[in-house]
Participant: 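First, the structure itself, so that you have it in front of you.
Lettering of chains follows the sequences in order, A, B, ..., and the numbering in each one begins at 1.
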Amino acid sequence: MKVMLTRRIIPCLDIKEGRVVKGVNFLGLRDAGDPVELAARYDAQGADELVFLDITASSDKRSLIFELASRVAEQVFIPFTVGGGITCVDDVRRMVATGADKVSINSAALKNPDLIREASERFGSQCIVVAIDPKKTGNTKSGWEVHSHGGRTPTGIDALEWAEKVAKLGAGEILLTSMDADGMKTGYDLPLTRAVSELVPIPVIASGGAGTPQHLVDAVTEGRADAVLLASMLHYGEYTVGQLKDYLAENGVAVRKL
Amino acid sequence: MIALIDYGVGNLRSVEKAFESLGHAIKVTSDPAEIAAADKVILPGVGAFGAAEKTLRARGLEQVALDAAHSGKPFLGICVGMQLLFDTSEEMGEHPGLGLIPGRVQRFPDSPGIKIPQIGWNALSFPKASPLMAGLEPGAMVYFVHSFYCAPEDPSVVAAQTEFTLTYCSAVSVGNIFGVQFHPEKSGKVGLQILDNFARL
């Protein structure tokens, strides 16, 4: 039996004050349900991993995400990543202690790239996902400029250079969200995904823009992504993970079937 | 009672939760007496082999683990815990393991278009019957995260194989000693079946 590593389908749950929300181009949030309920549903449908991104604005409500991670860990036996508001090695430690398998770091890594090295040395690269949110602005060498703080702040940093750097610092994976494509449902940003995926020696998770099953196929074939992240296609019951996997399999992409 | 050896590395909570969800008693412990008294022992592990082995030794738990493995009670190594069953690892220099299974731990060879570490779901095939894998169909998928793999000297110890740049040993079974390179606690129903099989040995 010759089966190689399968491509992963990863539902993403944006969490605001303990609820799942979904926006368009990082704005205009809409309620999409209870996180633990959705997590269990996606697990049952055959999701390969889960990502929870805390977009809670106020730090006093931030502790809700730790409680959430702990509840998820009790019910869901597939890997899950938690991101949003991770600022130091101790946040990583605390998140891992609640049962998260990986943490996703974004703005804090841009502010202090050494955090990636420190966290990966202490917890292993497999635990550290660096989230990169590029937007095509033309202000950097490749044209893709990294934005921080949930896409609100342009950094002047080139997305490809940053991707290469985070891989060198010990990131285990890159979660690449195209700000231009996010929520548009017109497909992943294939040139961006492919450019990053071919550049770095670590897995790249394509994110932002999934609207049809074919978009997922394109992300792994043309985009060379190792995994695809998606939200709205699933959250409103348009598709199940199982349906998407059937489509990928029919199109020659190896996936894990239940 | 199952003892899950706590030597300060990795996420023990998910392994603990998985057994609890199956209704099996498990205790996360670094107490040598508790480990010695347990019916079954699990050696977990993540991160680098050398660091894991050093920490195990520094906490005085290397001999405790060896004694448990030699006592004849079911003993399971998970991920780096499986790698520690072997003689040596080449991860960041040469490091000695527990030497319970003859063989080496080596890095996946570089291969065009293949990203290392292997992160994700891959299939198992079973070259021999093992009580650990009871009830699983060939092709059952489990979750892996690793850059190094175990290369046993004696092929008869191999309980499961997986394809990633090469065909490698993803689980071992020798008498009372078992090891899995993947994370059964993160491998959905298939993983829970394996943990349940272990708990029922």
Participant: If you count every heavy atom of other residues, nucleotides or ligands that lies below 6.0 Å from K115(B) atom NZ, does the total exceed 12?
Facilitator: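 Atom NZ in K115(B) is packed in, count exceeds 12.
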Participant: Among the options E20(B), K17(B), Q161(B), pick out the one with the most heavy-atom pairs lying under 4.5 Å from chain A.
Facilitator: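 The candidate making the most pairs under 4.5 Å is K17(B).
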Participant: Under a 4.5 Å heavy-atom cut-off, does chain B meet the side chain of V76(A), its backbone, both or neither?
Facilitator: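 Contact with chain B: backbone only.
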Participant: Quick one: what part of R8(A) sits under 4.5 Å from any heavy atom of chain B, side chain, backbone, both or neither?
Facilitator: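 Only the side chain of R8(A) comes within 4.5 Å of chain B.
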Participant: Between the side chains of K245(A) and E250(A), is the shortest nitrogen-to-carboxylate-oxygen separation below 4.0 Å, so that they form an ion pair?
Facilitator: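 Salt bridge: no.
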Participant: Would you please indicate if the ring centroids of F182(B) and F144(B) are separated by under 6.0 Å?
Facilitator: yes
Participant: Does the ring of F66(A) carry R94(A) above it, NZ/CZ under 6.0 angstrom from centre and within 45° of its axis?
Facilitator: yes
Participant: Checking P79(A) against chain B: side chain, backbone, both or neither under 4.5 Å from a heavy atom?
Facilitator: both
Participant: Given heavy-atom pairs under 4.5 angstrom as the criterion, report whether the side chain, backbone, both or neither of S120(A) touches chain B.
Facilitator: neither
Participant: So how far is it from E137(B) CD to S125(B) OG, rounded to the nearest 0.5 Å?
Facilitator: 13.0 Å
Participant: Between V145(B), T165(B), I119(B), V190(B), who has the most heavy-atom pairs with chain A when the cutoff is under 4.5 Å?
Facilitator: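 Looking at each option in turn, the highest pair count goes to I119(B).
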Participant: Counting only heavy atoms from other residues, nucleotides and ligands, does the tally under 6.0 Å from NZ of K189(B) exceed 12?
Facilitator: no
Participant: Measure I116(B) against the heavy atoms of chain A and call it side chain, backbone, both or neither at under 4.5 Å.
Facilitator: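 Interface part for I116(B): backbone (N, CA, C, O).
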Participant: Between D43(A) and chain B, which part of the residue has a heavy atom less than 4.5 Å away: side chain, backbone, both or neither?
Facilitator: neither
Participant: What part of S147(B) gets within 4.5 angstrom of chain A, counting heavy atoms only: side chain, backbone, both, or neither?
Facilitator: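 For S147(B), no heavy atom lies under 4.5 Å from chain A.
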Participant: Taking every non-hydrogen pair under 4.5 Å, which of G188(B), G191(B), P184(B) racks up the most with chain A?
Facilitator: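 Going by pairs under 4.5 Å, I would pick G188(B).
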Participant: Given heavy-atom pairs under 4.5 angstrom as the criterion, report whether the side chain, backbone, both or neither of A227(A) touches chain B.
Facilitator: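 No part of A227(A) comes within 4.5 Å of chain B.
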Participant: For E121(A), is it the side chain, the backbone, both or neither that has a heavy atom under 4.5 Å from a heavy atom of chain B?
Facilitator: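 Neither part; nothing is under 4.5 Å.
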Participant: Please confirm whether F108(B) and H146(B) have ring centers closer than 6.0 angstrom.
Facilitator: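 Between F108(B) and H146(B), the centre distance is under 6.0 Å.
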Participant: Under 3.5 Å, is there a donor-acceptor pair between the Q83(B) and E91(B) side chains?
Facilitator: no
